[in-house]
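To start, the structure itself, in structure tokens.
Counting starts at 1 for both ligands and their atoms, following the listed order.
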Amino acid sequence: MARFKSITLEWREDRVIFIDQRKLPIEEVYVECKTHEEVYGAIKDMVVRGAPAIGASAAFGYVLGAMEFKKKPEELAAHMKAVKDRLAGSRPTAVNLFWALERMERLFASTPSLSHDELIKTLEREAIAISREDILTNMAIGMNGASVVRDGDGILTHCNAGALATVDYGTALGVIRSAVEMGKRVRVYADETRPYLQGARLTSWELMKSCIDVTLICDNMAGWIMKKGYVNLVVVGADRIAANGDSANKIGTYSLAILAQKHGIPFYIAAPLSTVDLSCNNGEEIPIEERSHREITHIGEIRIAPEGVKCYNPAFDVTPWNMITGIITEKGIARPPYDVSLAKMFESTH
Ligand SMILES: CSC[C@H]1O[C@H](OP(=O)(O)O)[C@H](O)[C@@H]1O
């Protein structure tokens with residue numbers, strides 16, 4: 001059986017192993033998943049998170065679902081639909097989850113005559129292909145995005161759109177990595193990104209490991225460092241981009257876009273075309289996940305708010321297309337009007 005390994009996940013014959021992103025940066029520990037149900041839990045509980053990483057993880061979850069099947073062949077199709085539906089129910093916003101599962105399901109549907117062992121090998125190859133393609137896609141995004149980064153730029157980013165949010169290399173952090181690889185000296189400002197702290201815990205960890213200049217700030221400091229002139233551009237990731245360019249990303253991104261517009265600072269989204277959902281006309285149609293109140297009332301095991309306080313915890317917000325300078329993809333940088341430029345990028349992929 002095949003194997004695959006990256007910073008985010010490892011496929012090892014009959015299991016997928018994730019670095020437990022809930023424990024970073026304090027501990028580097030791993031979670032092993034041997035069933036599709038365990039992969040569902042790893043996505044839902046954010047052991048693994050980030051749109052492309054979620055998609056790749058679900059693809060391996062689909063393979064595990066096929067491996068679990070022990071009933072009569074005529075029951076396989078119903079079993080695989082249940083596997084897909086379960087994995088699709090893990091988180092609602094990142095469209096890469098559904099993109100990856102639909103790709104695996106199309107392959108399954110196109111191979112009715114395979115033996116069970118041959119089917120598993122075929123699905124396994126496809127899941128590994130999704131992972132390998134993601135890394136190459138992120139490097140292309142990085143190369144395309146580096147063209148808007150000047151030597152000496154201060155770059156503000158939000159949440160974690162890095163190697164840990166993808167299979168490797170990252171999208172927004174891929175742009176930063178590529179700029180550095182081209183010899184450009186950049187100063188990165190990482191929003192801590194309340195409440196889940198992906199910026200404090202993951203982005204600063206990733207960039208320090210890559211010896212990239214990173215300064216951690218609280219989310220409420222973004223406006224002030226823009227006013228001080230520290231920021232030359234904002235680059236963030238995305239979880240779902242509508243056909244008109246409205247983009248869902250981690251909560252707090254919309255506020256950054258308003259601040260960037262106020263200060264005349266370019267605001268870029270970096271994302272693969274697998275994050276673009278052309279069936280979504282605009283941002284109003286993007287489902288926004290709401291997560292547990294505990295993410296707000298606690299930091300780790302430490303309570304920071306009164307028991308029983310009312311909370312509202314939307315995990316994402318939507319930045320309108322007209323506040324986005326460009327959408328950096330593996331096919332180039334889309335510019336407004338996005339309904340035209342994004343559609344053209346899809347045409348060039350077929
Ligand atoms: C490269 S996609 C990264 C994207 O995913 C994050 O959300 P979460 O950590 O909840 O999965 C965030 O929106 C990032 O921008």
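- Remark: E192 pairs with no residue by the salt bridge (charged side-chain N to carboxylate O under 4.0 Å, His left out) rule, at least two apart or across chains.
- In this structure, the protein non-hydrogen atom closest to atom 3 (C) of ligand 1 is N160 O, 3.5 Å.
- Checking T35 against Y40 by side-chain atom types alone, no donor-acceptor pair falls below 3.5 Å.
- Note: no N/O pair closer than 3.5 Å links T171 and ligand 1 by distance alone.
- Residue K250 holds the heavy atom nearest to atom 10 (O) of ligand 1 of all those in R291, K250, E289.
- Ligand 1 places these atoms under 4.0 Å from at least one heavy atom of Q198: 8 (P), 9 (O), 10 (O).
- Close contacts of ligand 1 with A51, meaning ligand atoms under 4.0 Å from a residue heavy atom, involve 2 (S), 5 (O).
- Residue A238 has at least one heavy-atom neighbour below 4.0 Å for each of these atoms of ligand 1: 2 (S).
- Nearest protein heavy-atom neighbour of atom 15 (O) of ligand 1: N249 OD1, 2.5 Å.
- Heavy atoms of H158 found under 4.0 angstrom from ligand 1: none, in either backbone or side chain.
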Donor-acceptor list for residues 73-81 side chains, cut-off 3.5 Å, not counting sequence neighbours:
| residue | atom | partner | partner atom | Å |
| --- | --- | --- | --- | --- |
| H79 | NE2 | G65 | O | 2.7 |
| K81 | NZ | D85 | OD1 | 3.4 |
| K81 | NZ | D85 | OD2 | 2.5 |

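- For the 3.5 Å distance criterion, the side chains of N313 and E290 fail to qualify, holding no donor opposite an acceptor.
- Side-chain atoms of N144 and E330 include no donor-acceptor pair closer than 3.5 Å.
- If you check the side chains of T171 and N138, you find no donor sitting under 3.5 Å from an acceptor.
- At least one donor-acceptor pair under 3.5 Å links the side chain of S6 to the backbone N or O of V167.
- Of the protein's non-hydrogen atoms, the one nearest atom 13 (O) of ligand 1 is D239 OD1, 2.5 Å.
- Ligand 1 has no N or O atom lying under 3.5 Å from any N or O atom of M46, backbone or side chain.
- With a 4.0 Å heavy-atom cut-off, ligand 1 is reached by the side chain of F316 but not by its N, CA, C or O.
- Every atom of ligand 1 with a heavy atom of C159 under 4.0 Å away is listed here by number and element: 6 (C), 12 (C), 14 (C).
- A donor-acceptor contact closer than 3.5 angstrom links the side chains of Q21 and R49.
- Distances from atom 6 (C) of ligand 1 to the heavy atoms of R91, R240, Q21, R49 show the closest one on R49.
- Contact check for N281 versus N244: no side-chain heavy atoms found under the 4.5 Å cut-off.
- Counting the atoms of ligand 1 from 1 in the order shown, those under 4.0 Å from a heavy atom of P52 are 1 (C), 2 (S).
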